[in-house]
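Below is one structure, written out as structure tokens; comments come after it.
Sequence lines set the chain letters: A, B, ... in the order given, protein chains first and strands last, and positions in each chain run from 1.
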2 protein chains.
Amino acid sequence: MPQLRVAAFSISLDGLGAGLRQSLEHPLGVGGMALHRWAFATRSFRRMHGEDGGSTGVDEDFAARSFANVGAWILGRNMFGPIRGPWPDTQWRGWWGENPPYHVPVFVLTHHPRDAIEMQGGTTFHFVTGGIHEALNRAFDAAGGKDVRLGGGVGVVRQYLAARLIDEIHLALSPVLLGQGEPLFAGLDLPALGYRCSPPATGELATHFLLHRDEGGAG
Amino acid sequence: MPQLRVAAFSISLDGLGAGLRQSLEHPLGVGGMALHRWAFATRSFRRMHGEDGGSTGVDEDFAARSFANVGAWILGRNMFGPIRGPWPDTQWRGWWGENPPYHVPVFVLTHHPRDAIEMQGGTTFHFVTGGIHEALNRAFDAAGGKDVRLGGGVGVVRQYLAARLIDEIHLALSPVLLGQGEPLFAGLDLPALGYRCSPPATGELATHFLLHRDEGGAG
């Protein structure tokens, strides 16, 4: 069965999944880049960005796993860019240039309609105004039997968690204190939503946890 | 220099340091015991409770370290017992029986005065109504040049953190989701308070983090 997965989702020790004040200069919010240091060091992430080298240990195993068997992505609008409110024009085409590292259909949640954008390398951005269930249905349709990966941000992951729609979450805990940012867990009762946590795997720069939803937790 | 230390302080992956609804039956709140599984498995904790055996790896190293060079303790009132409000009588003498595992002076923060209780084995419970600074001063005086260990609970640790009075915190992150309980980090900007986090040490049942306050962070 294809799954809805969150993977390589980085959090700080103080439970924050992104910094505050996202902008063109700080796509992950102020300080947010420190959460992702482990990922940028891996071979898979470097290859994805057209670079050689990179680590090959536990962190890399999780990075590689995060990209495996993904047939479509879902992103919150802020993951696609720093623009808020109605689209002023069609100039903004994502953070990643003309050949984004997805290579599959990407469904962007937004309140503001916009025509799909076909990029190079197989990525097409679709803009979904009908909410998280519509995005999920369209993504599974497009994924051709593969998994759908939910990229974030924190607010979108929390919405899908609260709706019990996520099958697996891989959290990469970075040994940093962010202090200010978007808390992933606040007010979410994950055991009540059916989630359980596996023992951690220790990577070079992060500690990895897998959360799964119990069969009985579906609702 | 003697330090104020928090040690072997267990938190869940979702950042909770205790469960809710503490009672005689649930001294750590509902579900809270799962956070401390790593500790109860160690040789130091077992010895402290008069039992043989126990683990001898990384978890044990941190457990042993938590008890080393401690000249006095500070506890929030709920750590001492489940009674709320004025003391109805002098019957409650702590969770631990007549020979508590402290063996040094213990300063209990409370709004309700009570005479000190001298227990067996060197533990004396002193009840401090003057607030966290008074408790700290009295504890350092009593510690005879050794460290003061702040045992908790979550609310008291947060108060001492916000006042920048803690020199070192050892957090033991247990791979469990608690869902409901007392969040340790919520609303605390630890980097702004001068705290930094070391790379983790992987134990058998928990992942250990040390937080230190920068020299310049004292205020």
Note to self: Tell me the closest heavy-atom pair linking A/Cys197 and B/Leu13, and the distance in Å.
What the structure shows: SG-CD2, 3.8 Å
Check: Minimum heavy-atom separation for B/Gly179 to A/Pro191, with atom names?
Finding: CA-CD, 3.5 Å
What part of [X] is in contact with chain A, defined as an atom under 4.5 angstrom from a non-hydrogen atom: side chain, backbone, both or neither?
X: B/Leu188; answer: backbone
X: B/Leu178; answer: backbone
X: B/Leu211; answer: side chain
X: B/Leu205; answer: neither

Checklist line | Any side-chain heavy-atom pair of A/Phe209 and B/Leu177 under 4.5 Å | finding: no
Notebook entry, point to check: What do the steps show when you test A/Phe185 against B/Leu16 for side chain to side chain contact (heavy atoms under 4.5 Å, CB included), and what is the final call?
Noted result: CA-CA 10 Å; A/Phe185 299 113; B/Leu16 305 173; over 6 Å; no
For chain B against chain A, give me the donor-acceptor pairs closer than 3.5 Å, one per line with atom names and distance.
| from | atom 1 | to | atom 2 | distance (Å) |
| --- | --- | --- | --- | --- |
| A/Gln180 | NE2 | B/Asp189 | OD2 | 3.0 |
| A/Asp189 | OD2 | B/Gln180 | NE2 | 2.9 |
| A/Thr202 | OG1 | B/Thr202 | OG1 | 2.6 |

